[in-house]
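Values in this document were obtained by computation on a predicted structure and should not be read as measured data.
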Amino acid sequence: MSKNSSPRFDWLLNPGRWVRDFVDDLAVASPAQLAIGSFVAVVVAFAILLMLPASVRDPGSVDQATHIANSVFVAVSAVCVTGLTPVVTEEYWSDFGISVITAGIQVGGLGILTLASVLGMAVSRRLGVRQRLIAQQATSALNLGQVGSLLKAVVITIFTAESILAVLLFPRFLIRGESLGDSIWYSVFYSISAFNNAGFTIHEGGAAYFASDPWILSLIMVGVFVGSLGFPVVLMVTMFWNRPSRWDLHTKLTLTTTTTVLAIGLLLLALFESANPATLGDKNAGHTFLEVLFMAVMPRSGGFATMEVADMSQASHLLMDLMMFIGGGSSSTAGGIKVTTVAVLVLAAYAEARGQQDVHVFGRRLTSSTIKLSISVLLTGAMIVFIGTLMMLQISAEPLDQVLFEVISAFGTVGLSSGVSATSPDSGLYVLSVIMLIGRLGTITLAAALSMQDSARLYRYPEERPVVG
């Protein structure tokens, strides 16, 4: 660049560097705006693509107003990696439309992991030196000052995991009698849908199409489980797989709470459904265990289902409501309020019950700000679900049990459906679309915004305790 060139025109000479610097500055100055703005822009782009006649299998039989609502809903569901859909994917959308949905899932998964890491990076800049070093170890970022470094790490991680899944799925589809081209396509599609916790399927009956195939079910289940752990956890375990003592607190809490929730869900779902003739009542023990394990993993945010949710007992519905609301790990493609939030709240309640001043776990002390942040995320999530349920009850004619299940599934970006999405009018689809967006971005941006606040008072009021409980 010439010495006489003005800095105001640097972007004309090096537009790539200008864009990178702009994103870096925006990620630090206003990470919430970056997250919300980028996701809305991506959703709009994919919704426009799905509105095209080429995206529909039979354009002549589609009502235009309903098609617009379906396109917006599915675009939000794909980019937010939810999996809810008001139509049967393989019947309504053309090959081009399904390709658009697949691209939306991939872009959405990359965006979620990247933005979560960017927000974590922005929060770390507000911390002290020691906390910043811990944050750097947790994210394993080579350079906390560059969004590009994080993006590169995210891209490598997600494509490596998806490639491994696709390679393992491919021979099974060939064995099942699929053609070479279809086997490649199915392997790629389900690896993307599983690892990103999207839950979209392109076979009749959804994942139930593979209910008797333990190979495919197991790989989908593993993909969903690993994808829901979160980018920091996957990197930490990969780097120190043989030295758990070096795992940070976030990794230990995520793995411990995830295992606990999964074990409880497995036992209770087996108890509730083993005698249900509409689901597992007539199946053998081995088949029952695999399906129950599969259905216990999916409420974390997977969205695949080998049995009809509507046929499951109300006790199972309530249990899955709780599991979907909890969700998966932070900085992952999973939704919900996150397992670490629940872990912090349970530990705080346990410490309070024992009269302890501090909350300790794995040889570490949790700060009061972490506990307050967890309470804020919990209350915000509960309020979103409450308001969303009220609105959907006014719009839909479905009972409370099914509406609540659908709203929590949308908020937790899970994708399991009680059938409400398929029967909702256009206004209901738009409400659920907003809930999916809020559920996808709300907890991430709220946690980042509250963590970055630093408004210390120069005075303190007298202390007094009201009667609680």
Above 12 or not: heavy atoms from other molecules or residues under 6.0 Å from [atom1] of [X]?
{"X": "Glu90", "atom1": "CD", "answer": "yes"}
{"X": "Phe362", "atom1": "CZ", "answer": "yes"}
{"X": "Gln356", "atom1": "CD", "answer": "yes"}
{"X": "Met51", "atom1": "CE", "answer": "yes"}

Derivation of the side chain to side chain donor-acceptor pair (under 3.5 Å) call for Glu273 and Ser316: CA-CA 8 Å; Glu273 297 300 323; Ser316 295; 2.5 Å; yes

Answer yes if the side chains of Thr370 and Thr367 hold a donor-acceptor pair under 3.5 Å, and no otherwise.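 Result is yes, a qualifying pair exists.
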
Minimum side-chain heavy-atom gap [X]-[Y] below 4.5 Å:
{"X": "Ile202", "Y": "Glu91", "result": "no"}
{"X": "Trp185", "Y": "Ile98", "result": "yes"}
{"X": "Pro425", "Y": "Ile395", "result": "yes"}

Using every non-hydrogen atom in the two residues, find where [X] and [Y] come nearest and quote the distance to one decimal.
{"X": "Ala207", "Y": "Thr306", "value": "O-CG2, 3.9 Å"}
{"X": "Ala211", "Y": "Glu291", "value": "CB-OE2, 4.5 Å"}
{"X": "Val414", "Y": "Pro299", "value": "CG2-O, 3.8 Å"}

Has the side chain of Glu398 got a donor or acceptor atom that lies under 3.5 Å from a matching backbone atom of Leu393?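 No.
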
Can you label the angle between the Tyr190 ring and the Phe304 ring as parallel, tilted or perpendicular, going by 30° and 60°?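 The rings of Tyr190 and Phe304 sit tilted, inter-plane angle from 30° to 60°.
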
Specify whether Tyr92 and His67 have parallel, tilted or perpendicular ring planes, treating 30° as the upper limit for parallel and 60° as the lower limit for perpendicular.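 The arrangement is tilted - the two ring planes meet at 30° to 60°.
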
Residue pair Leu347, Ile371: steps toward the side chain to side chain contact (heavy atoms under 4.5 Å, CB included) verdict: CA-CA 9 Å; Leu347 290 169; Ile371 299 172; over 6 Å; no

